[in-house]
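So that the names make sense, note that chain A is the first sequence line, chain B the second, and so on, each numbered from 1.
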Amino acid sequence: MQELKRVIESHLGEVMAGQGLDSQSWIQMLVAAREPAQGDIALPCFSFAKVLKQSPVEIAERLCTEIETYMSQNSDLERTLLWVKAVNGYLNFMADPSWIADQVFPEGCSDDAGRGKPSGHKVLIEHTSANPNGPFHVGRARNAILGDTLVRLHRLIGHEVMAEYYVDDMGKQVGILSWALDNLEHDDVERILSQAGIEAADQRWANKQDHQRVRWYQAANILKSDDSEIDAKVGELVRLSEEGDESVLESFRTAYQPVLDGMLETLSRLGIEYDTFTEESRFVIDGSVSEIMSKLEDSPLHDTAENGAHYLELESKGVKGKSTRFYFRRGDGSSLYATRDIAYHQWKWNQCDRLINVLGEDHKLQSMQVSIALQEVGSKAPEVVFYAFIKLPEGKMSTRRANVVFMDDLLDEAETRALEAVKQLRGSEMDEKRMQEIATAVATSAVRFNIINVAPEKGFTFRWEEALNFEGDSAPFLMYSHTRACAIRRRIIQDGHDIDALIEQGLEEQVWNQLPDSPSIVALLRALGRHNDALAGAVNSHRPHLFAGQLLHLASSFNGFYRDHPVFKDGEVSLLNLLLCEVSRRYLATGCKALGIIPIEEM
RNA sequence: GGGCGAUUAGGGUAGUCUGGAUAUCCUUCCGGCUUUCGGAGCCGGAGACGUGGGUUCGAAUCCUGCAUCGCCCGCCA
């Protein structure tokens, strides 16, 4: 409805000025109407009462009369607005449904429907970047799903996007994993874990290395907690890795790579892929970390601790708490994770003009420190999207404590349930293989949607019933609406019609100029009319759930239309209804893809 | 101790930045649509802004006190 706002603004300046209202005072008051019946745009007139010394009700009524007069003399505005009404001190504007259709057609029936034009912007989105120490679990999923959805949304709106995974290949977690694999036998691991009450690994994942090796990681963590010698050995390995010791880094890689591969296999089931992987160690090896450290030493915020460690004092930058120091070099001269992160950010900036990080809320302080440090070395700060954690009803998820729901298990369970549902509906007519394909699409889509449909900053408790919900506000609901539109298409083609010719004919005749008096058609047109605004809003604010909401609304409006208005009846095709069906189908398909929902044609 | 975020019907959730009418949608419960382009759907009804102040013609929205929950305040990653 941004376009409607623009039209109103551009036409009514004179009328409003004639009533003593300059543009500043009224344009910013224009809001979206609350109830559909109240119109599309509303102008509350309460704030004008003081200036004009009149009651809001009177003002609204007078403005209404003036605008109606203006409208009758201006064909542009008359085409745009169906009516203007004064109600209880509000001035309500209702867009003409045919005008809304003007905004939607003919683009809505083209292959670029619901897609932005190439912007020329290069956006690098770093997400997931989970430590490769165990299988991908639901707690980590919010990062990956949010990140991948942002990647898809930015691509849809026309940006060139690089999806990037930062591989932490030299930290303590990988160090523990590596030590465990070198020093523990299979029987040791299982004995330690069973003594600690951790149950045996699921045999289904016997051949998946992430599920296997995490046992070593967990066992080593248990041993380490009451054997300081192990801690020291791991610490030594980590120290060597930080110095760029090639043989240590190599043994780390041997330890984590199969784990990472397993994680990526899981992510791939969710439709999540990356363009680039960057290892943390590269910034130590190529010298950029030392460069950063010497640059930071020139900062006015720089200071040195008693043992020679270096830090930035960030109190003047608004950092508060017990410690306002940001350490970037240890007493022994080595770098820290955050120091490497600064080098990494500089490297990322070389490849893009927009940089987006997806991070858990636990990284807020760290991220602010890195941003300040980046500015100190002359770089820009990234845009950061934070999200709250997904927890279990029993508490926080943790790979170390084996308190997790593995994504592989969730996806399998979702597939099983989806297959049941498909069999129940289509079992008599469809072959097994096809039903399995549909179940896979439904399962991954549903899992993604349940996570993306909630605002990132809201805490999220994982519950099996909700994750596996296929009704109501869910991916299958969107997918189902889409299959209906596809089914209509199939039916028309099957009946021997040239559907593309019919669409072309409808567009040429501009059949939307003669709309039937139908609430469900108007509702659908309004849903279509705001589709692109919703996409832009979601992308610009990094809030994909806003676009998910739009798609639900669109699907629901389409379902209402579907119920009331047959496209194909008694061998005849309604051109108007065909166009509406076609644009809905296209918007749903591209929109679903942008959320990682697979818009299959039958289910 | 300090910082950041959250709190909306029985459950989940949108709206809060930028104050405006009857607070969104799902689930649940109740009542309809006996499926003629696919009912994983559609239509109707019931049910909520944590709490005390303040600002305002008007507060879920802004300010402030309190409560509850989460995250953070490491020469770890």
Side-chain angles (χ1 to χ4, degrees), chain A residues 28-29 31 33-35 38 42-47 49-50 55-56 87-90 92 131 168 170-175 235 238 280 305 307-311 318-325 327-332 334 336-338 340-341 360-366 368 386 388-389 391 396 418 421-422 424-426 442 453-455 457-461 463 465-466 469-474 476-481 483-492 495 520 541 545-546 548-549 552-553 555-556 559-570 573 577 581 602-603:
Chain A
Q28 58 172 1
M29 297 298 296
V31 294
R34 226 171 41 76
E35 294 284 318
Q38 290 165 345
L43 181 68
C45 299
F46 306 96
S47 61
K50 237 176 210 170
S55 83
V87 187
N88 299 331
Y90 290 83
N92 291 334
N131 277 313
D168 190 350
M170 52 187 293
K172 193 189 272 180
Q173 320 231 20
V174 170
V238 172
E280 186 182 344
N307 70 344
H310 295 252
Y311 62 89
V319 175
K320 288 169 185 161
K322 284 177 189 161
S323 169
T324 55
R325 293 177 177 185
Y327 283 93
F328 62 89
R329 174 177 246 162
R330 292 199 189 93
D332 65 6
S334 63
L336 289 100
Y337 175 83
R340 271 113 55 189
D341 205 18
E361 60 183 350
D362 56 337
H363 282 70
K364 273 187 182 174
L365 176 61
Q366 168 99 48
M368 179 161 64
F386 292 106
F389 290 117
K391 40 176 196 167
K396 194 178 169 179
V422 180
Q424 209 170 0
L425 291 160
R426 308 294 301 271
V442 167
N453 194 32
V454 179
E457 71 275 11
K458 298 265 186 178
F460 190 107
T461 302
R463 292 189 179 86
E465 323 85 74
E466 284 168 25
N469 168 37
F470 295 161
E471 286 171 3
D473 277 356
S474 68
F477 172 75
L478 296 177
M479 297 165 79
Y480 189 73
S481 302
T483 62
R484 280 178 151 173
C486 292
I488 293 172
R489 225 182 123 80
R490 274 198 303 273
R491 186 66 217 282
I492 292 172
D495 210 60
S520 56
S541 61
H545 72 281
L546 297 178
L552 288 170
H553 177 68
S556 180
N559 287 335
F561 158 79
Y562 173 90
R563 159 98 181 203
D564 294 343
H565 302 282
V567 176
F568 181 74
K569 196 180 181 186
D570 304 330
V573 176
N577 295 344
C581 176
E602 56 172 352
M603 62 190 277

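- Nucleic acid contact class of A/Arg489 (heavy atoms, under 4.0 Å, all strands): none.
- No side-chain donor-acceptor contact under 3.5 Å links A/Asp564 to the backbone of A/Ser520.
- Taking only side-chain nitrogens and oxygens, A/Arg340 comes nearer than 4.0 Å to OP1 or OP2 of B/A77.
- Taking atom NZ of A/Lys172 as the reference point, atom P of B/C75 lies 12 Å away to the nearest angstrom.
- Under 4.0 angstrom from either OP1 or OP2 of B/A21 there lies at least one side-chain N or O belonging to A/Arg34.
- With B/G38, B/A14, B/C75 as the choices, the nucleotide that has an atom nearest any side-chain atom of A/Tyr480 turns out to be B/G38.
- Comparing the P positions of B/U16 and B/A6 gives an interatomic distance of 12 Å, to the nearest angstrom.
- Across all strands, A/Asn131 comes closer than 4.0 Å only to sugar-phosphate atoms, never to a base (heavy-atom distances).
- An OP1 or OP2 oxygen of B/C42 is reached within less than 4.0 angstrom by a side-chain nitrogen or oxygen of A/Asn559.
- Remark: A/Ser47 is not in phosphate contact with B/G20, judged by side-chain N or O atoms under 4.0 Å from OP1 or OP2.
- Residue A/Lys458 has no polar side-chain atom (N or O) positioned under 4.0 Å from OP1 or OP2 of B/G12.
- Distance alone, capped at 3.5 Å, places no donor-acceptor pair between the A/Ser556 side chain and the A/His553 backbone.
- For the pair A/Lys396 and A/Phe389, the cation-pi test (distance below 6.0 Å, angle within 45°) is passed.
- Rounded to an integer number of Å, the gap from A/Asp564 CG to B/G44 P is 11 Å.
- Computed from coordinates, the A/Asn453 CG to B/U27 P distance equals 13 Å when rounded to whole Å.
- Among the protein residues, A/Lys364 comes within range of the sugar-phosphate backbone only, with heavy atoms under 4.0 Å from sugar or phosphate atoms but none that close to a base.
- Residue A/Gln38 contributes atom CD, which lies 11 Å from atom P of B/A23 at whole-angstrom precision.
- For B/C25, neither phosphate oxygen OP1 nor OP2 lies less than 4.0 angstrom from any side-chain nitrogen or oxygen of A/His545.
- Here B/C73 presents its P atom at 12 Å from CE of A/Met368, a figure rounded to the nearest Å.
- At the heavy-atom level, A/Leu552 lies nowhere under 4.0 Å from the strands shown.
- Here A/Phe477 lies in heavy-atom contact (under 4.0 Å) with sugar-phosphate atoms only.
- A/Ala388 comes within 4.0 angstrom of nothing in the nucleic acid, heavy atoms only.
- Residue-level contact check: A/Val422 touches the bases, meaning some heavy atom is under 4.0 Å from a base atom.
- Checking the phosphate oxygens (OP1, OP2) of B/A77, a side-chain nitrogen or oxygen of A/Arg330 falls inside 4.0 Å.
- Atom CD of A/Glu361 is separated from atom P of B/C73 by 12 Å (rounded to the nearest Å).
- A/Gly549 comes within 4.0 angstrom of no nucleic acid atom, judged by non-hydrogen atoms across all strands.
- The residue A/Ala49 sits apart from the nucleic acid: no heavy atom pair falls under 4.0 Å.
- Taking every side-chain heavy atom of A/Val454 into account, B/U13 is the closest of B/A40, B/C76, B/U13.
- At the heavy-atom level, A/Asp570 lies nowhere under 4.0 Å from the strands shown.
- The distance from atom CD of A/Glu602 to atom C1' of B/G38 is 11 Å, rounded to the nearest whole Å.
- Annotation: cation-pi geometry not satisfied between A/Arg491 and A/Phe568 (NZ/CZ under 6.0 angstrom from ring centroid, within 45° of ring axis).
- Base engagement by A/Leu425 is indicated by at least one non-hydrogen atom pair under 4.0 Å involving a base atom.
- Residue A/Tyr562 has a polar side-chain atom (N or O) positioned under 4.0 Å from OP1 or OP2 of B/G39.
- The nearest whole Å value for the distance from the CG atom in A/Asn88 to the C1' atom in B/U22 is 11 Å.
- Residue A/Ser323 places at least one side-chain N or O closer than 4.0 Å to OP1 or OP2 of B/G74.
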Show, in sequence, the C-alpha distance, side-chain angles and deciding distance for A/Tyr327 and A/Arg329, and conclude whether the side chain to side chain donor-acceptor pair (under 3.5 Å) test is met. CA-CA 6 Å; A/Tyr327 283 93; A/Arg329 174 177 246 162; over 6 Å; no

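- Here the nucleotide nearest the side chain of A/Phe470, chosen from B/C26, B/G5, B/A40, is B/A40.
- A/Met603 comes within 4.0 angstrom of a base, heavy atoms only.
- Between B/C71, B/C75, B/G38, one nucleotide has an atom nearer to the side chain of A/Arg490 than all others, and that is B/G38.
- Using a distance-only test at 3.5 Å, with no hydrogens or angles considered, no donor-acceptor pair links the side chain of A/Glu466 to the main chain of A/Arg463.
- Ranking B/G41, B/G11, B/G20 by closeness to the A/Tyr90 side chain, first place goes to B/G20.
- Within the 4.0 angstrom heavy-atom criterion, base atoms lie near A/Ala305.
- Contacts of A/Arg484 with the nucleic acid, taken as non-hydrogen atoms under 4.0 Å apart, involve only primed sugar atoms and P, OP1 or OP2.
- Without hydrogens or angle criteria, A/Asn559 side chain to A/Ala555 main chain gives a donor-acceptor distance under 3.5 Å.
- Nearest-nucleotide mapping onto RNA chain B: of A/Tyr327 and A/Pro476, the residue sitting toward the 5' end is A/Pro476.
- The ring of A/Phe46 has its center closer than 6.0 angstrom to the ring center of A/Tyr90.
- Both A/Phe46 and A/Lys50 lie close to RNA chain B; mapped to their nearest nucleotides by heavy-atom distance, the more 5′-ward contact belongs to A/Phe46.
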